[in-house]
Amino acid sequence: MKNDRIENLLDELSSGLQADPEMRMDVKSELRTHLDDKIAEGENAGLSETESSEQALKSFGDIVAIADGLVAANASRMKLKARLWRVAAILLIPAVIICAFISFFQLASTVAILDIMSSFNSNIIKPPTWMKRSAELFGKSYTADECFILDGDTTKHEPWQQQKALSDRFPSNKVYLANYILQLINAVNNKKVTRQYIYSELKRAEKLDPDNAFYNYMLAGVMLQKACSYKTQIKSLKDGKKKRKRIKEIIDFKINDRQLFKQAMQEYLAGTKKKHCHSYSMQLMRQRLNIMGEPTNFATNLDQIMFAAGTVIPHVSLYRKLTQVLPQYAKLLIKEQTQELALRYIQSWHYFLQHQLDDSDYFISVLVLIASAKRFADDLPSLYQELGKKQQAGITKTQLLQVIEVREIWEKGKYDYRKDLNKMSILGSMILPALGIKFSEQDLASSRRIEYINVEKSVIVILNILFIGGMLVAIGVIVTWRWRTGINAILLTPPLRTIGKIFLWGIITPIAAYLLISTLGTIGGHQYNLLYNSAFYFQILLLLTLMPYITFHLAKKYVSNRCQQLEIGLPAHKRWGNSRIIILWSSMAILTVAALIPHAYIQFGKVTSYTFFTAIGLTFIYLLLIIVHTIAKFLTSFHQRQYAIYYGALAKTLLPIFASAVIFLTFTCIPYLNWREANLIKQDKIIFGAPGAFTHAEEKTVAYFKAQLEKALNSKPK
Amino acid sequence: MTIGKEMTRGVAEPIILNLLNNKEMYGYEIIKVVNEKTNNAFQWKEGTLYPCLHRLEAAGLIKNEWQIAANGKPRKYYTLTRKGAAELAVKQEEWNLFAKSVNVLLFA
């Protein structure tokens with residue numbers, strides 16, 4: 001009865017503040033305490049409870065005047081607050097939607113990276129059309145002509161038809177012509193393409209680019225595939241005297257069609273007389289990569305690497321075929337007493353290798369060239385001898401041995417990459433070891449860091465998903481309680497200081513802690529690549545669990561305090577509640593130490609599956625516990641009808657806090673990581689940001705080989 | 001003898017500011033102190049105090065802080081802000097001048 005009268009009075013006094021439920025409750029709570037004090041004082045003075053209450057209520061005087069006074073005193077604040085929340089809602093809602101889009105976009109690029117990486121590992125080469133997509137994802141748009149140059153005519157089914165369309169559209173372009181021919185040769189075993197068609201197209205190409213030996217060699221090579229067979233077999237023979245095994249190569253060479261064979265060899269010889277030899281494969285790749293634009297992030301760069309890796313090079317195996325057949329044909333001609341013709345073929349080797357060198361833009365083509373020299377060195381000097389050309393035999397032997405020596409010198413100085421495997425980026429460890437170059441710590445760091453940045457971006461996206469998920473749950477809570485109790489959720493406006501505190505401890509501190517740990521090499525393990533750094537999983541776990549937890553905990557703490565001030569009923573605080581954060585921190589510390597134990601193995605060069613299973617297993621258990629705990633809490637709260645106002649207020653207050661967290665993470669962390677990534681791609685000297693080439697490292701290696709081979713091929717005997 | 005409402009209305013704000021200058025106080029405490037110190041010559045009521053406190057707070061001259069008492073009851077304490085302290089000094093000077101002027105006119 002007494003309470004009802006007090007509550008009625010308070011309702012009347014605060015009736016003008018209805019527009020701001022929080023302020024109304026605040027005023028009511030303040031006046032309620034005042035009344036309680038006054039009643040207690042009356043009782044202390046000897047009045048009965050009823051008398052004392054009566055007196056206290058009367059002392060308030062003119063209720064309407066006080067209510068008006070309170071409205072007048074608070075009107076400006078209420079208006080300002082309402083306006084601020086309206087502006088905040090107008091800004092926050094679209095900003096969160098934008099953030100969700102940015103996060104989705106980042107997630108899509110991560111999926112694209114994983115997809116490319118997995119296809120890279122399994123050697124499935126994706127068609128160029130697919131490659132373009134990721135660049136388009138990053139805002140790149142292509143004109144119709146650029147699309148045509150990148151893909152050819154995609155309405156056609158076969159790759160050679162697609163590329164023929166490109167060549168037909170630009171008939172005077174030698175690069176597109178060679179590209180079409182390469183695709184055509186690649187389709188040599190395709191039943192839809194007849195050999196006669198390939199021969200005729202090669203003849204046509206020869207006429208269009210008459211100074212280029214490439215078409216002669218290709219025609220010869222394709223013809224030889226049909227005209228002869230060449231097989232080698234390695235046999236180990238026992239040397240009786242030295243009791244040692246000797247390896248001998250047995251060549252099984254057969255001519256199936258002498259007429260076609262002769263025609264092919266004539267075509268080859270015609271090629272050796274031409275000015276130059278170019279498949280223009282690298283030129284086309286560069287043109288296409290230029291269209292795709294300078295890579296600024298991992299995904300687009302990976303696309304370009306994949307694009308370059310997917311370049312078809314069937315001509316290299318045809319060069320090899322010609323190298324195998326040439327000595328065999330010379331032998332045959334000597335046997336058939338056509339020495340003069342045999343000599344012409346033998347002498348052609350130098351022009352052929354020089355042409356092959358002109359057209360060696362890839363590491364693999366350089367190695368094939370050296371293998372060709374090895375094949376020639378086995379036979380040609382002795383054939384010269386047979387023809388009585390001793391001097392030429394000597395010069396040829398010297399030059400070919402010097403060519404072979406280039407590889408031997410490289411082999412000797414080849415760096416044992418296994419020492420650096422855990423320091424190389426994952427991508428680097430897939431493509432660099434073959435080159436045998438030693439890279440400095442600094443060089444290895446940038447490409448490794450790029451991979452870390454991409455995982456860090458994914459972590460930010462996951463955090464955004466967690467916060468946005470939290471917001472959706474909060475909306476669900478607000479709607480559910482409204483439906484169950486008819487009470488509208490109250491928004492409790494946290495003061496700026498509280499917002500600052502939530503951000504400092506919930507968002508900034510975990511990020512700063514991660515940055516600190518990741519820059520401390522030994523603890524953070526960032527001196528190893530992602531696969532070798534088990535401690536990294538825990539650093540991520542720290543961010544993923546602590547950030548939402550601390551933010552939620554501090555917001556909840558604020559709401560609980562405020563509800564206590566406003567005398568809103570809230571569930572009983574468990575005694576250990578306040579120490580929950582300490583428990584969380586200590587469990588994280590213990591788990592981190594557990595993660596560091598396997599991590600320490602790496603320091604001694606040992607990597608076992610234990611490393612991963614410990615890290616992933618513990619992470620999984622930990623996350624599972626958190627999920628179970630959250631669901632349990634949520635379900636318990638569902639039955640606590642008496643605390644509807646508290647749960648509604650908590651949910652509604654969490655909305656702007658979580659929204660701000662999402663906006664903060666999206667507009668600070670993601671741009672910062674993108675900026676760092678773009679810088680690192682510019683800085684990288686091994687893999688990333690190669691201007692229209694496969695990788696910097698391959699480009700350098702090929703340049704080194706070409707210079708050495710040029711010198712060796714044109715060396716003069718002393 | 002008590003002082004009329006019209007007389008106290010103008011001085012309520014400087015008095016609150018001065019009280020809060022010495023220590024943090026809650027509403028009921030302010031009324032009690034004012035009434036006691038003036039031997040009930042001032043008889044402040046809730047209707048005088050709370051709108052006045054809220055006005056001062058809206059103007060940024062005082063700020064509040066909720067404290068939870070041992071019995072779990074929340075109590076709103078008010079303290080003076082820097083702006084409030086400056087305002088108090090101005091008001092005190094203003095009052096001095098006002099009092100002197102009124103004295104001259106009333107008792108000369």
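Computed from a prediction, not measured in an experiment: that's the story for all the values here. Below, read A as the first sequence line, B as the second, and so on, with proteins coming before strands; counting in each chain starts at 1.
- In this structure, the portion of B:I31 lying under 4.5 Å from any heavy atom of chain A is its side chain and not its backbone.
- The greatest number of non-hydrogen atom pairs below 4.5 Å with chain B, out of A:G69, A:A67, A:A65, is found for A:G69.
- Residues B:Y26 and B:Y78 keep their aromatic ring centres 6.0 Å or farther apart.
- In this structure, a donor-acceptor pair under 3.5 Å is absent between the side chains of A:T33 and B:K73.
- The most heavy-atom pairs under 4.5 Å with chain A, out of B:K45, B:R55, B:R75, come from B:R75.
- Both the backbone and the side chain of A:D37 come within contact range of chain B, with heavy atoms under 4.5 Å apart.
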Review point. Would A:Y647 and A:I478 count as a side-chain contact (heavy atoms from CB on, under 4.5 Å) if you check the C-alpha gap in whole Å, the side-chain angles of each, and the deciding distance to 0.1 Å?
Key: CA-CA 8 Å; A:Y647 286 120; A:I478 294 167; over 6 Å; no

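- Contact of A:L31 with chain B is made through the side chain alone, with heavy-atom distances under 4.5 Å.
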Exercise for review: Take A:R5 and A:E54, measure what salt bridge (Lys or Arg N to Asp or Glu O under 4.0 Å) needs, and give me the verdict at the end.
Suggested key: CA-CA 9 Å; A:R5 286 193 64 194; A:E54 200 65 38; 2.7 Å; yes

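- Residue A:D26 touches chain B through both its backbone and its side chain, counting heavy-atom pairs closer than 4.5 Å.
- No hydrogens or angles considered: nothing links the side chains of A:Q565 and B:Q67 as a donor-acceptor pair under 3.5 Å.
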